[in-house]
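Just so you know, residue 1 is the first one in the sequence shown, and it goes up from there.
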Amino acid sequence: MTRRVAVIGGGSSGLACIKCCLDEGLEPVCFESSDDIGGLWRFKENPEPDRASIYYSVIINTSKEMMCFSDFPIPAHFPNYMHNTLIMDYFRMYADRFQLTKHIRLNTKVLQVKQRSDFSRSGQWDVETENKDGKKEKHIFDAVMICIGHHCQPNMPLHDFPGIDTFNGKYFHSRDYKTPEEWRNKKAVVLGIGNSGGDIAVELSRVTKQLYLSTRRGAWILNRVGDNGLPLDLGFNRVLNSVQTILPFGVYCGLGERMLNQRFNHALYNLKPKHRLFNQHPTLNDELPNRILSGTVQVKPNISRFQGSSVEFDDGSVVEDVDLVVFATGYRFSFPFLASHVTSACENKASLYKYVFPPELDRPTLAIIGLVQPLGAIMPISEMQARWATRVFKGCIKLPPVATMLKDVQCKQETMAKRYVTSQRHTIQVDYISYMDEIAELVGVQPKILRLLLTDPRLGLNVMFGPSTPYQYRLRGPGKWAGARQAIFTQWERVAQPLQTRPCDEPQTKRSFMWPLILSAAVGLAAYVNRNNLPAFLQDPTALLDKIKVYLPAQ
């Protein structure tokens, strides 16, 4: 009999799970609590409880070639950094292409997932659901994939801010922010300098009387636009990843920090943190330095207390008549439909083997998909996790003994604690290339670069020195895609196409003979004036050259 798999959540991770189940001959049933697919990337004017929510202007921080599913490139004419509406368009194309929609039950909330009484033998789960009319159903599944993400439950640490109950203005979490118009000519404070905090601060600063950006630690600010105007993340390749592992951590951080400070001096802009570049998830924002330079954003330390309509900061400065405070203070995640003995989350920490499998279950039939925070795109990572999990469900891949898995979990937690500053934000952090390769090796799809260099040198060089796009993981092994090689060779064309919106003839540089003529005349004149000293010049030409320099323009 075909194994039935429950997929909880119809966002990007859920869609990838449905497709991977179909690829492996499994029968997926996806339960989505809202009325549409898309998860985090579907904008709604009014946030829904226990669901991710974005503001209208959100543009993704990863470029299209790095964020696409590995066997379905994003159309060439789509911009490199896509607005949330275009991301939704892409998800619908993906769902249509692989006929995923018929496996999704919309407006269906999962109430409970629990092991069946014979779980140690069957590995099966009881799943209870409720539709929009309140009708409850019970289902039996052979495996479960949880794809609810980690942007559903806002973290609002109000207890850390004395006097917040006396605040006369309005305050809310960044999850509830939608558009800036309501705050025109008002004073606003944004608390937190992550990606959402930076974006909201920039957007509000265009309409507010004054915007204050409050940060406890500061941040290193990366630009979406990299060298030569190309998307920044296309510059991260396997060679750079190898250099990162070879160089001492402090040296590698220093090189990166020097590059960022060449764009703008973080200390001068009052943003420089005490931690090193790779001790924290950096913030991507192209416009923040501009807004600080124009004075529309003022950087402030942490808020110490509220009093009426005033906000006092840790440096003793006070801002009066504040109308709005936006708490861009991150999220908490949990699994409310799971029993705590199956797996649980405490302070955004979950004990999961490779961030996917609870290590102590009798049967490996439960997978958490997309519960990572990469410096890069989440979509290809979720897809890779799903490719691994579905093959584990089929029995094609065996997980190691429990002790080995627990040791891996502990090792990852200790490594993370050493590298990152203590924060709920850094409990599920992974490095994109290293983590993708780690899971790909388990699936049997990691690209063999040395073999490629010998058998297909052009492809091997592209894989080694080019961007680590997801197509690399479709070149071999289970799920091999015949179009992967061509997708790699044409990726730069897809990067360039949306930028080519008008004919642009580069002016031909005209060769100038002016400076050679001037130099020749100067040398000739000097030689004529000093014709009697020519033998001496041939022995020591520096004296004459010093005289010539007097007549040349200053450099």
Side-chain angles (χ1 to χ4, degrees), residues 1-22 24 26-54 84 87-88 91-96 98-116 119 123-153 175 331 333-339 342-343 345 365-371 378-379 382-383 385-386 389-390 393:
M1 292 179 62
T2 303
R3 294 174 181 244
R4 298 180 74 233
V5 180
V7 178
I8 304 175
S12 61
S13 298
L15 293 175
C17 286
I18 299 170
K19 194 218 176 237
C20 290
C21 284
L22 295 173
E24 295 295 340
L26 306 175
E27 181 186 336
V29 180
C30 176
F31 300 108
E32 169 55 48
S33 61
S34 74
D35 59 0
D36 200 0
I37 64 170
L40 170 70
W41 294 103
R42 181 165 53 86
F43 172 79
K44 276 210 162 187
E45 193 68 45
N46 298 309
E48 300 169 330
D50 300 320
R51 287 189 53 77
S53 179
I54 56 173
N84 56 84
I87 295 173
M88 284 298 299
F91 288 164
R92 295 191 199 286
M93 292 176 193
Y94 183 73
D96 291 343
F98 297 107
Q99 301 180 21
L100 308 181
T101 309
K102 62 184 178 183
H103 301 281
I104 302 173
R105 298 189 187 182
L106 299 174
N107 296 304
T108 306
K109 182 179 181 180
V110 173
L111 301 177
Q112 190 176 48
V113 176
K114 65 178 183 179
Q115 297 159 296
R116 305 206 78 210
F119 179 81
Q124 290 183 324
W125 300 84
D126 285 321
V127 177
E128 184 179 6
T129 62
E130 182 181 32
N131 66 16
K132 63 179 179 180
D133 300 320
K135 181 183 177 182
K136 296 181 180 179
E137 287 186 86
K138 291 188 177 181
H139 318 261
I140 298 173
F141 285 98
D142 298 294
V144 176
M145 305 178 86
I146 299 175
C147 314
I148 60 175
H150 48 93
H151 293 96
C152 294
Q153 300 170 26
R175 176 181 187 274
Y331 294 85
F333 62 80
S334 64
F335 314 107
F337 42 75
L338 275 179
V342 175
T343 191
T365 56
L366 176 71
I368 316 294
I369 305 297
L371 192 65
I378 186 68
M379 292 79 169
S382 293
E383 182 191 42
Q385 291 177 331
T390 49
F393 295 161

Here the gap from N107 atom CG to D36 atom CG, rounded to the nearest 0.5 Å, amounts to 9.5 Å

Count the heavy atoms of every other residue, nucleotide or ligand shown that sit under 6.0 Å from CD of E27, and state whether that count exceeds 12.
yes

How long is the straight-line distance from SG of C147 back to CG of L371, given to the nearest 0.5 Å?
10.5 Å

Does any part of the side chain of I104, heavy atoms only, come nearer than 4.5 Å to the side chain of I18, both counted from C-beta?
yes

Taking the side chain as every heavy atom from C-beta outward, state whether L40 and N84 have any atom pair closer than 4.5 Å.
no

Is there a donor-acceptor pair under 3.5 Å between the side chain of D133 and the backbone N or O of K135?
no

Could you go through R116 and D126, starting from their C-alpha distance and side-chain angles, then the distance that decides it, and tell me whether this counts as salt bridge (charged side-chain N to carboxylate O under 4.0 Å, His left out)?
CA-CA 6 Å; R116 305 206 78 210; D126 285 321; 3.0 Å; yes

For F91 and S12, work out which heavy atoms get closest and say how close.
CZ-CB, 3.4 Å

What are the two closest non-hydrogen atoms of P28 and L22, and how far apart are they?
CD-CD2, 3.7 Å

Run the side-chain contact (heavy atoms from CB on, under 4.5 Å) check on I148 and I8 step by step: do they pass?
CA-CA 7 Å; I148 60 175; I8 304 175; 4.0 Å; yes

For F31 and H139: C-alpha separation, side-chain torsions, deciding distance, then whether ring-ring contact (aromatic ring centres under 6.0 Å, His included) applies.
CA-CA 12 Å; F31 300 108; H139 318 261; 5.2 Å; yes

Do the side chains of I369 and V7 get nearer than 4.5 Å, heavy atoms only?
no

Residues R4, L26; criterion side-chain contact (heavy atoms from CB on, under 4.5 Å); working and verdict:
CA-CA 6 Å; R4 298 180 74 233; L26 306 175; over 6 Å; no

Considering all heavy atoms of both residues, which atom of M88 and which atom of W41 are nearest to each other, and what is their separation?
CG-O, 3.4 Å

Mind telling me whether F98 and Y94 have parallel, tilted or perpendicular rings, with 30° and 60° as the class edges?
perpendicular

Within a strict 4.5 Å, meaning less than it, do heavy atoms of the E32 and R105 side chains meet?
no

Please identify which of these residues, R42, E48, K109, K44, meets the side-chain hydrogen bond (donor to acceptor under 3.5 Å, both in side chains) condition with S34.
R42

Looking at E130, is its backbone amide N or carbonyl O close enough to the side chain of E137 to form a donor-acceptor pair, meaning the two atoms are under 3.5 Å apart?
no

Kindly indicate, with the supporting measurements, whether the criterion salt bridge (charged side-chain N to carboxylate O under 4.0 Å, His left out) is fulfilled by K19 and E24.
CA-CA 9 Å; K19 194 218 176 237; E24 295 295 340; over 6 Å; no

Heavy-atom distance under 4.5 Å between the side chains of V5 and V144, does that happen here?
no

Atom NZ of K114 and atom CZ of F119: how far apart are they, to the nearest 0.5 Å?
14.0 Å

Provide the closest heavy-atom pair for F393 versus A367 in the form atom of the first, atom of the second, distance.
CZ-CB, 4.0 Å

Evaluate the criterion side-chain contact (heavy atoms from CB on, under 4.5 Å) for residue pair L15 and L100; output intermediate values, then yes/no.
CA-CA 7 Å; L15 293 175; L100 308 181; 4.3 Å; yes

Does any non-hydrogen side-chain atom of D142 lie less than 4.5 Å from one of T365?
no

Closest approach of L338 to V113 (non-hydrogen atoms, all atoms of both residues):
CD2-O, 3.6 Å

Within a strict 4.5 Å, meaning less than it, do heavy atoms of the M145 and C21 side chains meet?
yes

My understanding is that only residues two or more places apart in sequence, or in another chain, count here; which of them pass salt bridge (charged side-chain N to carboxylate O under 4.0 Å, His left out) with K132?
none

Step by step, would you call F337 with L111 a side-chain contact (heavy atoms from CB on, under 4.5 Å)?
CA-CA 6 Å; F337 42 75; L111 301 177; over 6 Å; no

Taking every heavy atom of G370 against every heavy atom of I378, the minimum-distance pair comes out as O-CD1, 3.8 Å

Is any side-chain heavy atom of T108 closer than 4.5 Å to a side-chain heavy atom of S33?
no

